[in-house]
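The structure appears below as structure tokens.
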Amino acid sequence: MLPGERPRVHTHRDVNGGWLRPAVFGAMDGMVSNLALITGVAGGSVAPQTIVLTGLAGLAAGAFSMAAGEYTSVASQRELVLAELDVERRELREDPEGERRELAARYRARGVADPLAEEVAEQLSRDPDQALEIHARDELGVDPTGLPSPLVAAFSSFGAFAVGALLPVAPYLLGVTQVWPAVVLALVGLFLCGAAVSKVTVRPWWYTGLRQFILGGSAAAVTYVLGSLLGAAIG
């Protein structure tokens, strides 16, 4: 760096916050599952009131199920990581020299010269918190300061699923009695949601949008056919 030159600063998107994955999956799952549920029931030629009741029940059941599942999953993962961090913390306390040698060996394996690897490991090991963070990143692949929150994951999943699941029901709530407006609205929502995902991935927007459109449309088509067949058989 030249004298007087300011360091270049760049930022990265938060990938460990615990909200993005459950929100994306919640919205997608809400739209796909409730669209498939509604088209399946509609295929059986039932009354619009029955479709509305089915859609709202699917919304409530799915949102609570997604939230409970995300909370349990993230909480269990967090507890596992914390338990492993306790193991690493105890090893640093009981055998600091062995952990220092292990850290130096890791730097040597990455191509750092032996004297420099020893010096860096020695300096980093002086701070127990910093040593724990480095060992956690290298051995566990986690950042102990950025563990996801189970509550954030649960609420993100609940809200996203409810919004996504509401789209196929909305036309019926507004007085529509045919299934095709619900299908169109849900498929448009799936395309837009899929396209938005491209902002945090390397895929182009049209690819991620079209992928969700095809998946949602396929699910709706299959359940509609099944609903028609079952409706005819039961009727």
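In this chain, residues are counted from 1 in sequence order.
Tracing side-chain contacts under 4.5 Å through hydrophobic residues (I, L, V, M, F, W, Y), one never reaches V222 starting from I38; they form parts of separate clusters. Residues L37 and M28 fall into different hydrophobic clusters, defined by Ile, Leu, Val, Met, Phe, Trp and Tyr side chains chained together at heavy-atom separations under 4.5 Å. When hydrophobic clusters are built by joining Ile, Leu, Val, Met, Phe, Trp and Tyr residues whose side-chain heavy atoms come closer than 4.5 Å, directly or via intermediates, F25 is not grouped with V152. At a threshold of 4.5 Å between side-chain heavy atoms, the hydrophobic network of Ile, Leu, Val, Met, Phe, Trp and Tyr places L59 and L173 in one connected group. L230 is not connected to V225 by any chain of hydrophobic side-chain contacts under 4.5 Å among Ile, Leu, Val, Met, Phe, Trp and Tyr, and they are in different clusters.
The two atoms that bring A42 and V179 nearest to each other are CB-CG2, 3.8 Å, heavy atoms only. Closest heavy-atom contact between L187 and G216: CD2-C, 3.9 Å. Contact record, A104 with A117: O-CB, 3.7 Å, taken as the closest heavy-atom pair. Between P144 and L85, the shortest heavy-atom contact is CB-CD1, 3.7 Å. For the residue pair A67 and F158, the shortest heavy atom distance occurs at CB-CB, 3.8 Å. For L35 against V183, the heavy-atom pair with the smallest separation is CD1-CA, 3.8 Å.
Judged by distance alone, the side chain of S157 and the main-chain N or O of A153 form no donor-acceptor pair under 3.5 Å. Of the possible polar contacts, one joining the T223 side chain to the A219 backbone as a donor-acceptor pair under 3.5 Å is found. Remark: side-chain polar atoms of S218 are paired, donor with acceptor, to backbone N or O of I214 under 3.5 angstrom.
Using a 4.0 Å cut-off between charged side-chain N and carboxylate O, R110 and D138 make a salt bridge.
Remark: F191 CZ is packed, more than 12 non-hydrogen atoms of other residues, nucleotides or ligands lying under 6.0 Å away. Heavy atoms from other residues, nucleotides or ligands lying under 6.0 Å from OH of Y107 number more than 12. Surrounding CZ of R137 are more than 12 heavy atoms belonging to other residues, nucleotides or ligands, all under 6.0 Å away.
Among the candidates E119, E133, H135, Q130, the single residue satisfying the side chain to side chain contact (heavy atoms under 4.5 Å, CB included) test with L124 is Q130. The only option from R106, R101, R100 that meets the salt bridge (Lys or Arg N to Asp or Glu O under 4.0 Å) definition with E118 turns out to be R100.
For the pair M31 and Q212, the minimum side-chain heavy-atom distance is 4.5 Å or more. In this structure, the side chains of S76 and T72 come closer than 4.5 Å at one or more pairs of heavy atoms. L103 is not listed as a side-chain neighbour of V120, based on a closest heavy-atom distance of 4.5 Å or more. Looking at T54 and V169, their side chains never come closer than 4.5 Å, going by heavy atoms from C-beta outward. In this structure the side chain of P168 never reaches within 4.5 angstrom of the side chain of L185, judged on heavy atoms. Taking 4.5 Å as the limit, some side-chain heavy atom of P150 sits within range of a side-chain heavy atom of R78. Side-chain contact between P204 and T208 is absent, with no heavy atoms from C-beta onward closer than 4.5 Å.
Considering CG of D129 and CD1 of I134, their distance stands at 11.0 Å, rounded to 0.5 Å. Rounding to the nearest 0.5 Å places CZ of F161 at 3.5 Å from OG of S33. Atom CG of residue L166 and atom CG of residue L56 lie 8.0 Å apart, to the nearest 0.5 angstrom. With rounding to the nearest 0.5 angstrom, the CZ atom of R90 is 12.0 Å from the CG atom of D95. With rounding to the nearest 0.5 angstrom, the CZ atom of F213 is 9.0 Å from the CG atom of L190. In this structure, W180 CH2 and T39 OG1 are separated by 15.5 Å, a value rounded to the nearest 0.5 Å.
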Between E91 and V87, does a side chain to side chain contact (heavy atoms under 4.5 Å, CB included) hold up when you go through it step by step?
CA-CA 6 Å; E91 291 177 351; V87 172; 3.8 Å; yes
Start with the C-alpha distance between R89 and D86, add both sets of side-chain angles, then the distance that settles side chain to side chain contact (heavy atoms under 4.5 Å, CB included), and finish with yes or no.
CA-CA 5 Å; R89 190 178 290 110; D86 284 340; 2.7 Å; yes
How far apart are the C-alpha atoms of L215 and V32, what are their side-chain angles, what is the distance that settles it, and do they pass the side chain to side chain contact (heavy atoms under 4.5 Å, CB included) test?
CA-CA 8 Å; L215 291 174; V32 173; 5.7 Å; no
